[in-house]
Amino acid sequence: MTRSAPRRRLATVALVVDDYDRAKAFYCDVLGFECLADSSLEGDKRWLVVAPKGAAGAALLLARADGEAQMQAIGNQTGGRVAFFLETDDFAHDHATFLANGVQFLEEPRREVYGTVAVFADLYGNRWDLIEPAP
């Protein structure tokens, strides 16, 4: 009997931040994510996980920088490329809400073959695509 390949999914992605509470406020209050976990760990570390409300995709582990090398990576974990892709089924609504909440968009919305998209910067300067996939 042949064994089928194990099922896998990308569950959590670490994002290096400077301060737990500041990062949590941005992702939850400004972008409207929900806090899935916020637990104390040894020392003053926390297991802080956020994700878009109702999302079935990967979540973000907001990991406070530990040491100078990690501090230097904050906001530039992908060398200036878009790091995250936030899909929506209502681009116009989310774009307007994010603007009203002070999110900095780095470009005007545009239509591509894959959908409507605009790049925005998070609290640290990491680049995100807000994207409504084409039907």
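Hydrogens, waters and symmetry mates play no part in the numbers below; they use all other heavy atoms, side chains included.
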Problem - Heavy-atom pair with the smallest gap, counting every atom of Phe26 and Ala121 - result: CZ-O, 4.4 Å
Exercise for the section: Say whether Leu10 and Phe33 are linked into one hydrophobic cluster, either directly or through other cluster members, by side-chain heavy-atom distances under 4.5 angstrom. Expected result: yes
Exercise for the section: Report, as yes or no, whether the 6.0 Å neighbourhood of atom CG on Asp89 holds more than 12 heavy atoms from other residues, nucleotides or ligands. Expected result: no
Problem - Inter-residue atom distance Arg22.CZ - Leu62.CG, 0.5 Å rounding - result: 12.0 Å
Exercise for the section: For the pair Arg127 (side chain) and Gly80 (backbone), establish whether a donor and an acceptor sit closer than 3.5 Å, ignoring hydrogens and angles. Expected result: yes
Practice task
Examine distances only and state if a side-chain atom of Gln104 and a backbone atom of Asp122 form a donor-acceptor pair shorter than 3.5 Å.
Solution key: no
Exercise for the section: Output the distance between atom CD (Gln70) and atom CD (Glu68), rounded to the nearest 0.5 Å. Expected result: 10.5 Å
Fill in the blank from the handout: For Arg64 and Asp44 the tightest heavy-atom approach is NH2-OD1, 3.0 Å
Handout entry: Cluster link Leu86 to Tyr124, ILVMFWY, side chain under 4.5 Å
Key = yes
Problem - Side-chain touch Tyr114/Pro133, heavy atoms, less than 4.5 angstrom - result: no
Handout entry: Within 6.0 Å of CD in Glu108, more than 12 heavy atoms from elsewhere
Key = no
Handout entry: Distance, nearest 0.5 Å, that separates CZ of Arg111 from OG1 of Thr116
Key = 4.0 Å
Exercise for the section: Group every Ile, Leu, Val, Met, Phe, Trp and Tyr by side-chain heavy-atom contacts under 4.5 Å, then state whether Leu31 and Val13 land in the same group. Expected result: yes
Exercise for the section: Assess the side chains of Asp38 and Tyr20: does a donor N or O sit below 3.5 Å from an acceptor N or O? Expected result: no
Handout entry: Where at least one partner belongs to residues 68-88, residue pairs that pass ring-ring contact (aromatic ring centres under 6.0 Å, His included), sequence neighbours excluded
Key = Phe84-Trp128
Problem - Arg81 atom CZ: more than 12 heavy-atom contacts under 6.0 Å - result: no
Handout entry: Interatomic spacing from CG in Leu15 to CG in Leu61 - rounded to 0.5 Å
Key = 8.5 Å
Problem - Contact check, side chains of Glu34 and Val50, non-hydrogen atoms, under 4.5 Å - result: no
Practice task
Could you pull out all residues at least two apart from Phe98 that satisfy ring pair (Phe, Tyr, Trp, His ring centres under 6.0 Å)?
Solution key: Phe120
Problem - Val103-Val117 co-clustered via ILVMFWY side chain contacts under 4.5 Å - result: no
Exercise for the section: Take Arg7 and Arg9, measure what side-chain contact (heavy atoms from CB on, under 4.5 Å) needs, and give me the verdict at the end. Expected result: CA-CA 7 Å; Arg7 291 177 27 169; Arg9 70 182 180 96; over 6 Å; no
Fill in the blank from the handout: In short, Val113 meets Ala134 closest at the heavy-atom pair O-CB, 3.6 Å
Problem - Ser40 side chain to Arg46 side chain, donor-acceptor N/O pair below 3.5 angstrom - result: no
Exercise for the section: Look up atom CG in Leu60 and atom NZ in Lys24, then write down how far apart they are to the nearest 0.5 Å. Expected result: 14.0 Å
Exercise for the section: Please determine if Lys45 and Asp66 form a salt bridge, counting it only when a charged side-chain N lies under 4.0 Å from a carboxylate O. Expected result: yes
Handout entry: Connected via hydrophobic side-chain network under 4.5 Å: Leu48 and Val30
Key = yes
Problem - Worked verdict on Tyr27 versus Leu123 for side-chain contact (heavy atoms from CB on, under 4.5 Å) - result: CA-CA 9 Å; Tyr27 287 100; Leu123 174 65; 5.6 Å; no
Completion exercise
When rounded to the nearest 0.5 Å, the distance separating SG of Cys28 from NZ of Lys53 is 8.0 Å
Problem - Beyond-backbone contact of Leu130 with Thr88, side-chain heavy atoms, under 4.5 angstrom - result: yes
